[in-house]
Number of protein chains: 2
Amino acid sequence: MSDLLGRLRTRGWRLTAQRRVVAEVLDGDHIHLTADEVHARAVRRLPEISRATVYNTLGELVNLGEVAEVSTDHRAKRYDPNAHRPHHHLLCARCGAIRDVHPVGDPLADLPESERFGFSVSEVELTYRGVCPDCAA
Amino acid sequence: MSDLLGRLRTRGWRLTAQRRVVAEVLDGDHIHLTADEVHARAVRRLPEISRATVYNTLGELVNLGEVAEVSTDHRAKRYDPNAHRPHHHLLCARCGAIRDVHPVGDPLADLPESERFGFSVSEVELTYRGVCPDCAA
DNA sequence: TACTTGACTTGGACTTCGTCCATTGTAGGA
DNA sequence: TCCTACAATGGACGAAGTCCAAGTCAAGTA
């Protein structure tokens with residue numbers, strides 16, 4: 001995620017105050033925010049920024065592969081700035097907390113040809129569910 | 001899923017026309033329906049059934065472990081009556097089609113203790129994404 | 001069989017998350 | 001500095017899902 005802005009500029013991204021702020025918010029250690037949380041934090045730095053712009057910008061960042069969307073069932077989608085290092089997610093069924101995890105092995109290789117039904121499979125998403133230490137206490 | 005109704009009755013479920021219809025709809029080969037699709041099909045058999053009842057009933061079936069919820073990112077949740085035989089999903093990024101698949105190996109075992117961060121992990125959900133033969137054509 | 005009661009259903013209002021669009025603003029090249 | 005195509009705005013809209021007060025009914029009891 002570092003030097004995200006530089007990378008985007010070379011791809012022809014027009015650099016506006018709003019986009020800069022959204023990128024900065026994601027770049028913090030506030031990981032896995034919802035769009036509304038991103039908006040709330042963005043507003044602290046740029047009070048006039050609109051929800052629509054936050055959604056637009058997040059959508060573009062996802063398309064560009066700079067940010068990953070995570071659907072957790074816990075209502076709103078979350079945005080994960082750690083899109084460059086492949087990883088999966090571990091989430092707490094009680095409070096919705098998310099952690100990035102790195103399982104060993106390659107789940108893609110575990111899907112035999114006979115189980116692919118003619119699909120060209122390109123991606124795997126692995127979500128572990130459990131109870132986090134705080135909620136277990 | 002067979003004899004679902006019998007199983008539910010022994011668990012103290014009150015058997016109403018509405019619940020019976022929802023169970024029947026899921027029991028068909030129409031797999032992975034959204035709540036609205038379930039409602040649409042239920043209405044064909046029982047015109048007065050309300051959306052709220054469909055949502056309630058689906059929620060109960062999920063709690064009882066008879067039906068699994070699948071979040072596909074493609075907007076609405078889908079309901080999978082095949083909850084008794086563990087499996088994962090393969091879905092088409094273009095049209096949203098879903099298939100049940102059975103990868104080899106156990107992804108739970110692939111998450112080392114050091115990557116569990118104190119969570120008690122109990123479940124894994126594995127989603128393969130790709131393009132189905134129809135959409136590739 | 002009729003009665004009773006607590007569980008179930010209803011439908012409409014409401015909430016949340018997200019998209020759309022016409023208008024206004026502005027980044028960055030000439 | 002000026003132009004213009006791209007971006008931002010905000011308010012209306014839409015889809016998915018939840019909530020609730022009032023009415024209904026399954027099934028246990030007599």
Side-chain angles (χ1 to χ4, degrees), chain A residues 4-25 32-64 66-80 96, chain B residues 5-25 32-43 45-64 66-80 96:
Chain A
L4 169 61
L5 295 176
R7 244 177 298 140
L8 293 174
R9 196 159 17 206
T10 67
R11 296 218 235 167
W13 230 46
R14 196 142 117 187
L15 198 39
T16 66
Q18 291 82 348
R19 288 174 166 186
R20 198 190 319 265
V21 164
V22 170
E24 283 170 11
V25 165
H32 302 124
L33 300 174
T34 64
D36 256 12
E37 287 164 352
V38 171
H39 180 239
R41 289 171 198 258
V43 162
R44 299 217 275 267
R45 306 183 190 211
L46 187 66
E48 332 82 75
I49 192 172
S50 73
R51 264 173 15 99
T53 297
V54 169
Y55 275 102
N56 288 341
T57 306
L58 288 172
E60 285 154 15
L61 289 170
V62 169
N63 283 338
L64 292 169
E66 295 289 345
V67 164
E69 248 176 25
V70 188
S71 287
T72 66
D73 283 29
H74 250 260
R75 320 297 335 262
K77 286 179 194 164
R78 296 181 169 274
Y79 292 87
D80 183 346
Chain B
L5 296 176
R7 245 176 298 139
L8 293 173
R9 197 160 17 207
T10 66
R11 297 218 233 167
W13 232 44
R14 196 143 119 189
L15 198 39
T16 66
Q18 292 82 348
R19 288 174 165 185
R20 199 190 317 264
V21 164
V22 170
E24 282 171 11
V25 165
H32 302 124
L33 300 173
T34 64
D36 257 13
E37 288 164 350
V38 171
H39 180 238
R41 289 172 198 259
V43 162
R45 307 183 189 211
L46 187 65
E48 333 80 76
I49 193 172
S50 72
R51 265 172 16 98
T53 296
V54 170
Y55 275 102
N56 288 341
T57 306
L58 288 171
E60 284 154 16
L61 289 170
V62 169
N63 283 339
L64 292 169
E66 295 289 345
V67 164
E69 246 176 26
V70 188
S71 288
T72 66
D73 283 30
H74 250 259
R75 318 297 333 260
K77 286 177 193 163
R78 296 181 168 273
Y79 292 87
D80 183 346

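Below, read A as the first sequence line, B as the second, and so on, with proteins coming before strands; counting in each chain starts at 1. Please read all numbers here as calculations on a predicted model, not as lab measurements.
Interatomic distance, A:R20 CZ to A:L8 CG, rounded to the nearest 0.5 Å: 11.5 Å.
When the side-chain nitrogen and oxygen atoms of B:Q18 are compared with OP1 and OP2 of C:dT10, one or more of them lie within a distance under 4.0 Å. Contact annotation: A:Y55 side-chain N/O to C:dT19 OP1/OP2 distance is not under 4.0 Å. The side chain of B:T53 places an N or O atom within less than 4.0 Å of a non-bridging phosphate oxygen (OP1 or OP2) of C:dT10. Here B:T16 reaches the OP1 or OP2 of C:dT9: one of its side-chain N or O atoms lies under 4.0 Å away.
Between B:E37 atom CD and D:dA16 atom C1' there is a gap of 13 Å when expressed in whole angstrom units. The distance from atom CD of A:E69 to atom P of C:dC17 is 15 Å, rounded to the nearest whole Å. In this structure, the CD atom of A:E48 is 10 Å from the C1' atom of D:dA8, given to the nearest Å. What separates CH2 of A:W13 from P of C:dG29 is a distance of 16 Å, to the nearest Å. One can place CZ of A:R19 at 13 Å from C1' of C:dG28, the figure rounded to the nearest angstrom. Look at CG on B:L46: it is 17 Å from P on C:dC8, rounded to the nearest Å. D:dG17 atom P lies 10 Å from atom CZ of B:R78, rounded to whole Å. The nearest whole Å value for the distance from the CG atom in B:L15 to the P atom in D:dC25 is 15 Å.
If B:G12 and B:R75 are placed on DNA chain C by their nearest nucleotide, the residue sitting closer to the 5' end is B:G12. Of the residues near DNA chain D, A:E60 and B:D36, the one whose nearest nucleotide (by heavy atom distance) lies more toward the 5' end is A:E60.
Minimum interatomic distance between A:A76 and A:T34 (heavy atoms only, all atoms of both residues): CB-CG2, 4.1 Å.
For B:E66 and B:R11, the salt-bridge test passes: some basic side-chain N is under 4.0 Å from an acidic carboxylate O.
Checked by distance alone, A:R51 brings a side-chain donor or acceptor within 3.5 Å of a matching partner on the base of C:dG18. Side-chain to base pairing of B:R14 with D:dC25: one donor and one acceptor N or O lie within less than 3.5 Å of each other.
Among the nucleotides D:dT9, C:dC17, D:dG17, the one closest to the side chain of A:I49 is D:dT9.
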